[in-house]
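Down below is the structure, laid out as structure tokens.
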Amino acid sequence: KSDHPFGEQRESSVAFSSISLVVLLLCASFFVVYYSNSAFSSDEVWGVKAASLNYASEMAFLKADVHPPLYYQILHVWVRLFGTGERAVRSLSALFYLLSVYALYGLGRALYGNKTALLCATLYLSSPLAVLSGQFARMYALLSLLSILSTRLYLQFSIKPNASLLLFVLYIVVNILGTFTHIAFF
């Protein structure tokens with residue numbers, strides 16, 4: 001038990017925020033799964049075909065695409081583990097979408113506290129474009145996740161530039177990954 005006069009209220013607020021975040025992630029899962037078994041679009045078929053090739057053939061095949069190869073490389077491993085069915089392939093984007101909701105919650109909490117973090121996560125969760133990115137087997141959910149992580153890392157090391165070399169290195173790595181995910185990352 002806390003001696004601080006607001007200790008119990010704070011603990012209650014943290015518990016409420018944790019429960020709310022779990023509910024949000026469950027809602028996000030529903031949004032993603034709802035559409036996940038419909039037929040592939042032509043872009044998704046192209047991506048699955050690329051991911052189904054061996055590494056050398058995939059790299060040659062990807063030269064015809066404007067998008068960098070990171071998402072397709074991750075999808076390459078994903079389809080070998082889970083198969084090429086619509087739901088299996090789209091679950092990779094769904095995973096990135098869920099991680100994006102959680103990452104945005106963490107960014108909002110770091111900047112403004114739990115209530116604002118929940119609001120930010122809820123707005124992102126219910127954004128039609130974000131939901132769509134989580135439903136299609138394309139790189140956009142990964143792009144969102146890396147953008148959120150890049151922003152958080154940038155803010156952390158820019159506020160305390162000498163606090164951690166690790167944050168700066170992580171920022172560089174996330175931005176390299178973002179550059180290899182989409183041509184419009186920066």
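We use all heavy atoms of the structure for the numbers below, so side chains are in, but hydrogens, waters and symmetry mates are not.
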Open item on the list: Would you say L166 ends up clustered with V174 if hydrophobic residues are merged whenever their side chains have heavy atoms under 4.5 Å apart, either directly or through other cluster members?
Closed with: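 Yes, V174 and L166 fall within the same hydrophobic cluster.
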Task: Linked, directly or transitively: L123 and L99 (ILVMFWY side chains, under 4.5 Å) - done: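 Shared cluster, no.
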TODO: Determine whether L107 and L155 make a side-chain contact, defined as any pair of heavy atoms from C-beta on separated by less than 4.5 Å.
DONE: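 Yes, at least one pair of side-chain atoms sits under 4.5 Å.
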Open item on the list: If you define the side chain from C-beta out and look only at heavy atoms, does anything of F157 sit under 4.5 Å from L165?
Closed with: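 They are not in side-chain contact.
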TODO: State whether the number of non-hydrogen atoms from other residues, nucleotides or ligands found under 6.0 Å of F61 atom CZ is greater than 12.
DONE: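 Count over threshold, so yes.
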TODO: Report, as yes or no, whether the 6.0 Å neighbourhood of atom OH on Y154 holds more than 12 heavy atoms from other residues, nucleotides or ligands.
DONE: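 At most 12 heavy atoms, drawn from other residues, nucleotides or ligands, come within 6.0 Å of this atom.
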- [ ] Sequence neighbours left out, what pairs pass side-chain hydrogen bond (donor to acceptor under 3.5 Å, both in side chains) with at least one residue falling in residues 175-186?
- [x]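 For residues 175-186, and leaving out neighbouring residues, the side-chain hydrogen bond (donor to acceptor under 3.5 Å, both in side chains) pairs sorted by first residue read S150-N175.
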TODO: Using ring pair (Phe, Tyr, Trp, His ring centres under 6.0 Å) as the criterion, list what pairs up with F185, not counting sequence neighbours.
DONE: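 Ring pair (Phe, Tyr, Trp, His ring centres under 6.0 Å) list for F185, sorted by chain: empty.
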Open item on the list: Just to verify, what does F82 make a ring pair (Phe, Tyr, Trp, His ring centres under 6.0 Å) with, not counting sequence neighbours?
Closed with: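 Only W78 meet the ring pair (Phe, Tyr, Trp, His ring centres under 6.0 Å) criterion with F82.
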Open item on the list: Is the distance between the ring centroids of F40 and W46 under 6.0 Å?
Closed with: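 Ring-ring flag for W46/F40: false, centres at least 6.0 Å apart.
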Distance in Å, [X] [atom1] paired with [Y] [atom2], rounded so as to fall on 0.5 Å steps:
X	Y	atom1	atom2	value
E44	Q135	CD	CD	10.0 Å
L104	L145	CG	CG	10.5 Å
L146	F96	CG	CZ	8.0 Å
L75	S52	CG	OG	7.5 Å
Y112	C120	OH	SG	8.0 Å
L132	S127	CG	OG	9.5 Å

With sequence neighbours left out, write down each residue that passes side chain to side chain donor-acceptor pair (under 3.5 Å) with [X], or none if nothing qualifies.
X	value
S57	N54
Y140	none
D43	none

Task: side chain to side chain contact (heavy atoms under 4.5 Å, CB included) evaluation trace for Y97 with V131 - done: CA-CA 8 Å; Y97 170 68; V131 171; 3.5 Å; yes
